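Ligands are counted one by one from 1 in listed order, and the atoms in each one are counted from 1 as well. This one's a predicted model, so the numbers in the text were calculated from it and none came from an experiment. Values below: all heavy atoms of this structure, side chains included; hydrogens, waters and symmetry mates excluded.
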Amino acid sequence: MNRKGLSEKDVLSILDKARSKDTSYDKVLSAMCTTPHPVAVKAHMRFIQSNLGDFGLFQGTKELEEKVISLMGGLLGDPHACGYITTGGTESNIQALRTARNLSGKRRPNMIVPSSAHFSFDKVADLLDIEVRKADLDAEFKVDIGSVESLMDDNTAAIVGIAGSTEFGQIDPIDELAELANSHDIFLHVDAAFGGFVVPFLDTKYDFDFSVRGVSSITSDPHKMGLSTIPAGGLLFREEACLLPLEIDTPYLTIRKQHSLTGTRSGAAVAAAYAVITHLGKEGYKKIVDRCMKMTHRLVNEVQEFGITPLIDPVMNIVALDVPDLDDVRKRLRSRGWFTSITRSPRAMRLVIMPHLTEIALTHFISDLKDCLRD
Ligand code: 0PR
């Protein structure tokens, strides 16, 4: 550490230099985060000192958190859902499975996840010592119910379904998973980290949330399509009893008990989530999702004109395109500034059409993709 402090001007100039190396979102088609809504940024700055790790000191922020959970619960089929604002999808998935494992009482627990599950479930398996069993997908990349059933046994503590898979944007048949979970009295967790702020606003209706009997918990992240600031994930449970296995005594804080994985945690992210959710309302989110879906369909229609097809008709604003010479084409696109991503199996070009993408940028991308196929 330097002995004498630098002037504020010098520090800010170092920061600006570092920031200039960061990518602006203009040409990013690989991210699931986006530029936060301005109202979220304002709210975040107002609560920058707030620490929900000791929420007895921050009662106002705690009330906002309860309201956010209730608003998100309402959007996900149960305004009486309980839970808390996490650091993101990974923490929510860890905590949901921790609850499931502890409630099950199994000594050698396993969980069944679709093979399309996010890598956070591999972290869950390692951290919580739960065996992870990956179920096959059907031709449309939804989890195959027969495969889930064949992997279940007496040690199965939880089944996981995804509403908005990271790679394909697909929605698993949550109602069928719920039937399995109900008939075997097993915990069912739905990972809607991405889909939580998309699926409720699609024109097609899906049964994926607490309205399905048997769904025990849901991950849904304000810092993805919720347009809130990072770090804001959501973990929601249908029943208060699900919070008990997470409870830890905190004798020397202003509160007696804590359910969160982290100790100190951002009240700013909670205020930001509250601000953007109440400011946009259902109509605001619907407009954003409609715009992303319109651009997604436009992308698919226009690339089909030069022979590129999607692996499935897009369900949400994530597209997997079957592109020949995938690695070379991606490299060429990268040299033109574009960030694309891939699906693992089958390998395809994965594109996420986030709110930061403009129609003009999309026009350029489609034209660059066409050129890069020929280069
Ligand atoms: N569940 C699903 C379905 C996800 O897609 C993700 C993240 C998670 C859980 C984990 O969420 P957190 O990253 O909030 O813990 N999906 C993206 C990914 O890891 C996140 C992402 C965001 C990737 C921005 C790139 C990026 O630039 O692939």
Return a yes/no value for Ser120: is any of its N or O atoms, backbone included, closer than 3.5 angstrom to an N or O of ligand 1? no

For atom 11 (O) of ligand 1, what's the nearest protein heavy-atom neighbour? Residue, atom name and distance, please. Lys224 NZ, 2.9 Å

Using the side chain to side chain donor-acceptor pair (under 3.5 Å) rule, collect all pairs that involve residues 122-136, keeping only residues at least two apart or in two chains. Asp122-Lys134, Glu131-Arg133, Arg133-Asp153

Heavy-atom donor-acceptor pair, Thr278 side chain to Ala275 backbone, under 3.5 Å: yes

Working to the nearest 0.5 angstrom, can you tell me the gap between Leu188 CG and Arg213 CZ? 11.5 Å

Could you check Lys67, Glu66, Glu63, Glu65 and say which one makes a side chain to side chain contact (heavy atoms under 4.5 Å, CB included) with Tyr274? Lys67

Tell me if a side-chain donor or acceptor on Arg238 pairs with a main-chain N or O of Ala81 at a distance below 3.5 Å. no

So for His223 against ligand 1, with non-hydrogen atoms under 4.0 Å, the contacting part is side chain

Using a 3.5 Å cut-off on N or O atoms only, is Ser30 in polar contact with ligand 1? no

Quick test: of every protein heavy atom, which one is nearest to atom 28 (O) of ligand 1, and how far off is it to 0.1 Å? Thr166 CG2, 3.6 Å

contact_flag Gly233 ligand 1 heavy-atom lt 4.0 Å: no

Interatomic spacing from CZ in Phe210 to CD in Glu239 - rounded to 0.5 Å: 10.0 Å

Against heavy atoms of Cys33, which atoms of ligand 1 measure under 4.0 Å? 22 (C), 24 (C)

Compare Met32, Glu167, His118, Lys123 and give the one whose heavy atom is closest to atom 10 (C) of ligand 1. His118

Any N or O of Gly89 that comes nearer than 3.5 Å to an N or O of ligand 1? yes

What protein heavy atom sits nearest atom 15 (O) of ligand 1, and how far off is it? Thr90 OG1, 2.6 Å

Have a look at ligand 1 and work out which part of Asn93, if any, has a heavy atom under 4.0 Å from it: side chain, backbone, both or neither. side chain

Considering only heavy atoms, does Asp221 approach ligand 1 within less than 4.0 Å through its side chain, its backbone, both, or neither? side chain

The single option from Leu244, Thr250, Asp249 that satisfies side chain to side chain contact (heavy atoms under 4.5 Å, CB included) with Glu247 is Leu244

Heavy-atom nearest neighbour of atom 9 (C) of ligand 1 within options Val28, Asp191, Val160, Thr34: Asp191

Nearest heavy atom to atom 27 (O) of ligand 1, choosing from Ser116, Ala31, Ser92, Ala193, belongs to Ala31

